[in-house]
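Taking it in order: structure first as structure tokens, then the write-up.
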Amino acid sequence: MLGDDAELTTAVLAAQDGDETAFRTVYRAVHPRLLGYVRTLVGDPDAEDVASEAWLQIARDLERFTGDADRFRGWAARIARNRALDHIRMRGRRPVIGGDETELTGQPAESDTAGEAIESLATDSTLSLIARLPQDQAEAVVLRVVVGLDAKTAAETLGKRPGAVRTAAHRGLKRLAELLGEDPESAARLDALPPQREPRGRAVTSASVTHTRPRTQKDM
């Protein structure tokens, strides 16, 4: 298990045991990428509110969660997705975020592989562009590349087969590579994101204890 994953797993278990400091550690480790996922679904104006609703549910239901860091990220993403979809249903449609996608289009790239797209993506710089992809591609890209889920966990989050998620992520990354192209100015502003995760053999740890008190956003 990677060091960061081991630390997150330990923090989740401690948070389940009522450790408020551990819960804040979990929140700080997971929230930025989870917020990025929510932002691709509901847009900037509502993302913070929807993410806050998701974290309140995560805090409320944490004692029923079982698993390690990977499973926690997937579980949190499912909760965030459900809150986002509820919000979209109430509003009526998925928003169009930002301006025209030609704003980030450089010269045609010599290669438009998913791997090169991953190397050039940055969470803050390209989420608005990702949000303009078809929703299945946008969600697959964000869950696999930004949130860091493997194909199996991302598929569980979306209620799809792993192969379908891999295909959607590949198509989405290919389209982003085409849009980003080889524009030097755009490339200079973009940081590298981690590669898509693949499942690792691991033992799943379970924990189920009662919180000492309900958590609020202030605790996070």
Side-chain angles (χ1 to χ4, degrees), residues 4-5 8 27 29-55 58 69-88 93-98 101 104 112-180 189-199:
D4 289 346
D5 282 359
L8 179 56
Y27 176 84
V30 176
H31 176 69
R33 294 185 176 201
L34 197 67
L35 178 62
Y37 177 40
V38 172
R39 188 174 289 138
T40 65
L41 294 172
V42 304
D44 279 318
D46 303 321
E48 288 282 1
D49 289 342
V50 173
S52 294
E53 293 175 5
W55 276 104
I58 290 168
D70 278 344
R71 287 187 177 272
F72 180 81
R73 280 188 286 261
W75 179 72
R78 284 195 296 276
I79 290 175
R81 184 174 193 266
N82 288 337
R83 298 287 70 76
L85 294 181
D86 286 345
H87 182 82
I88 292 170
R93 65 184 178 87
R94 180 182 178 219
V96 176
I97 305 171
E101 64 186 23
L104 291 181
D112 57 6
T113 63
E116 290 185 356
I118 292 173
E119 291 176 0
S120 67
L121 287 174
T123 303
D124 292 338
S125 300
T126 61
L127 281 175
S128 62
L129 184 60
I130 293 172
R132 297 188 192 105
L133 297 172
Q135 185 166 340
D136 64 328
Q137 294 179 17
E139 289 195 75
V141 168
V142 174
L143 287 175
R144 296 219 63 198
V145 181
V146 179
V147 180
L149 304 183
D150 60 39
K152 180 179 178 181
T153 306
E156 291 172 352
T157 300
L158 298 173
K160 296 181 178 181
R161 295 181 178 180
V165 173
R166 290 190 187 96
T167 298
H170 176 77
R171 288 175 177 170
L173 288 167
K174 182 177 180 180
R175 178 57 180 153
L176 289 172
E178 292 171 352
L179 294 174
L180 291 168
R189 293 194 300 268
L190 300 180
D191 300 318
L193 284 177
Q196 300 181 51
R197 289 186 176 218
E198 296 302 331

Gap between atom NZ of K160 and atom OG1 of T167 - 0.5 Å precision: 10.5 Å
Might you point out which heavy atoms bring T157 and R81 nearest each other, and give the distance in Å? O-CD, 4.0 Å
Any chance you could measure L158, atom CG, to E139, atom CD, to the nearest 0.5 Å? 5.0 Å
For D49, the salt bridge (Lys or Arg N to Asp or Glu O under 4.0 Å) test, sequence neighbours excluded, returns none
Side chain to side chain contact (heavy atoms under 4.5 Å, CB included) between L8 and V30, intermediate numbers included: CA-CA 9 Å; L8 179 56; V30 176; 4.1 Å; yes
Find out whether L34 and W55 are in side-chain contact, i.e. whether some heavy atom of one side chain is under 4.5 Å from a heavy atom of the other. yes
Closest heavy-atom pair and its distance - I130, A138: O-CB, 3.3 Å
So which atom in A80 and which in V38 form the shortest heavy-atom distance, rounded to 0.1 Å? CB-CG2, 3.8 Å
Nearest non-hydrogen partners of P162 and K152, listed with the distance: CG-CA, 4.1 Å
With rounding to the nearest 0.5 Å, note down the distance linking CG in D150 to CZ in R166. 8.5 Å
Side chains of V146 and Y37, heavy atoms from C-beta outward: is any pair under 4.5 Å? no
To the nearest 0.5 Å, what is the distance between CG (D46) and CZ (R83)? 14.5 Å
Rounded to the nearest 0.5 Å, how far does CD of Q137 lie from CZ of R175? 9.5 Å
Counting only heavy atoms not in R171, do more than 12 sit closer than 6.0 Å to its CZ atom? no
Heavy atoms of H31 and A51 approach each other most closely as CE1-CB, 4.0 Å
Spacing of L176 atom CG and L133 atom CG [to the nearest 0.5 Å]: 4.5 Å
Test R144 against every option in L149, V165, L173 by the side-chain contact (heavy atoms from CB on, under 4.5 Å) rule and name the one that passes. V165
So F72 and W75, would you call those rings parallel, tilted or perpendicular, with 30° and 60° as cut-offs? tilted
Any side-chain heavy atom of T153 within less than 4.5 Å of one from R73? no
Heavy-atom closest contact (L143 atom, A77 atom, distance): CD2-CB, 3.8 Å
